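What follows is one structure encoded as structure tokens, with my remarks underneath.
Per chain, numbering begins at 1; letters A, B, ... match sequence-line order. Not measured: the values here are computed from a predicted model.
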There are 2 protein chains.
Amino acid sequence: MAVAKKITINDVALAAGVSVSTVSLVLSGKGRISSATGQRVNDAVEQLGFVRNRQASALRGGQSGVIGLIVRDLTSPFYAELTAGLTEALEAQGRMVFLLHGGREADQLLQRLDMLLSQGVDGVIIAGASGLSNELCERAAQKGVPLVFASRASYLDEADTLRPDNMQAAQMLTEHLIRRGHQRIAWLGGNSASLTRAERVGGYCATLLKYGLPFHSEWVVECDASQKKAAEAIGALLRHNPTISAVICYNEAIAMGAWFGLMRAGRQSGEVGVDAFFDHQVALGAFADVPENALDDLPIAWITTPAREMGYTLADRIMQRIERSDVAAGHQIVPARLVVGR
Amino acid sequence: MAVAKKITINDVALAAGVSVSTVSLVLSGKGRISSATGQRVNDAVEQLGFVRNRQASALRGGQSGVIGLIVRDLTSPFYAELTAGLTEALEAQGRMVFLLHGGREADQLLQRLDMLLSQGVDGVIIAGASGLSNELCERAAQKGVPLVFASRASYLDEADTLRPDNMQAAQMLTEHLIRRGHQRIAWLGGNSASLTRAERVGGYCATLLKYGLPFHSEWVVECDASQKKAAEAIGALLRHNPTISAVICYNEAIAMGAWFGLMRAGRQSGEVGVDAFFDHQVALGAFADVPENALDDLPIAWITTPAREMGYTLADRIMQRIERSDVAAGHQIVPARLVVGR
DNA sequence: TTGAAAGCGGTACCAA
DNA sequence: TTGGTACCGCTTTCAA
């Protein structure tokens, strides 16, 4: 299978017996072309297996049809889902995604941005940057390339940002538990240095206050995302505060561990019936990255950020910015979704 | 922040007081350039904030520095990890990844391949295709673009393929359990239509035979990737075959469910001591996609395919194919890694 | 060691 | 409705 000579519009023009400009017009659907010529050109394209070279077309001034994406950690389900949503939406429009990975540091990001710019992307999305962004914004603006941020918390102040509503998510979850009759609700997991967590805890706390329910700082427990640690932590928490009737878990791992911990505690105290296995006296709520999680067999109320839809929204947003320069940069907030386990 | 005039090598040449060809030479490090001129050019580049337009450079004949990746499902941890590894390795070389998503059907793949080709990629990787690939291979070969497949099982016969060694993985896991003294080992999970599963079951079965251990087809149980179903299935399995002392689980969800099932069974039979919680009489082994799983607190022997390293290897392989056309296409097999839980 | 100029594959303006 | 042609930004002979 030898490498065939590259097929260009010249070849197509020759085969169709027209000029290159005509071929170009047919390809882009512009100009008024007689259907006869159009037909002949398309036949030639088909026959020769011609694929249009977008680099050349972009070079001349058109759009490249490519969006650059710099994502902090593809391995995290949240970003994986977001990326999937973004590429899906973009592909549906015949556009593509340039994927760059990692880079928390400002200069690394800048370098990656340059890579994208040098490839002639139409727009850039940075998912999961935490640091400030002035330099980045300037560089992109200088090149006339729109830049949009997507993150999990409200780090950036001036940039065009899409982010989940962490407070509202925590409120929804807390309210759900309250409506289920819980009055003494604790918090388990996360690191107090996390902004996402801070926003969530804020929502939790505000909701308690709103309903006139007690808030104790000892009921907000930090914990690594390890099942074992979570199991131990919830055990200790309940031992010291036996009146707690519901616990909000910071993420899946914490929730799993908490559930184990409850089971163990139940057994040890000998208070639980035979089928307490799927039925606890302490209710759990939890934040989860992805809805279709393998853990959704658990009797837990999950609240999730629709990461895939964030991807769709991002696609819309960046396309708007690309197509109309008058779109104002601003913050857009994505609401969370409650999933009540069986 | 107005859009500054685009800066080209012409501007750089002007600023440095040399010709464009000289600038080009300096940029690509070719030609013999006096260090004085080189310095002046680099200064100008720095000052103007020039970024080289790779589309133009690729158009003229150079490489684009871009690898196309079509991945079946980014949302699967395995492919996410693989993608992360690939981009990481490629970025380290100053190259980039075009990400395309989905497309199991042959014509969808073909269409996506065309998108990549039209962007002038240097090579294409398809991760997770199951169908045959003749058309794809031809199309790529016709364009002179190397094509490499990465998959989880040996679907493709003639193509250049990288894949995990499912048989060996199953062998390792089975042998591990045997060395731990288990003689009656069952299999739980997966769908019999899955080729990956077939390869794994093959390895499991072969190892049993090799050690002269009993194999019963009733001990190989199909099961959806649901915790609840897995818990029920393992319960039924052990009820009917109480002599089974170890179970190999097809994936994480199955393993989790199996573990629950064991716990429940233990409680119901009342045979287990108080701390049987982390200590079962039936041992579990499991396949897992990603090593650093939240589940690794469980006392389970995991076997994982090093997906990230598969990404690195893929990067190497495609680069070889790009740089030297004499590299033979062939199958390359990635060994698995055993992780013995605490 | 450096410069001039001819493309790479398209697009789009201006004529015909 | 079509064709001719000057570019887009860069690389690469070939001369100077």
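The two atoms that bring B:V334 and B:P306 nearest to each other are CG1-CG, 3.9 Å, heavy atoms only. Among all heavy-atom pairs drawn from A:T305 and A:P164, the shortest one is CG2-CB, 3.5 Å. Here the closest non-hydrogen pair linking B:P146 and B:I318 is O-CD1, 3.9 Å.
The ring-ring contact (aromatic ring centres under 6.0 Å, His included) check on A:F98 picks up B:F98, with sequence neighbours excluded.
Per the geometry, CG belonging to A:L48 stands 14 Å off P belonging to C:dG9, to the nearest Å. The CG-P distance, from A:L14 to D:dG3, rounds to 12 Å in whole Å. Protein atom CD of B:Q39 is 18 Å distant from nucleotide atom C1' of C:dT2, rounded to whole Å.
Looking only at distances, no side-chain donor or acceptor of B:T37 sits under 3.5 Å from a matching main-chain atom of B:I33.
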Inset, instruction - Heavy atoms under 4.0 Å is the rule here; annotate nucleotides 9-16 of chain D 5' to 3' with B where the base is hit, S where only the sugar-phosphate is, and - elsewhere. - result: BBBB----
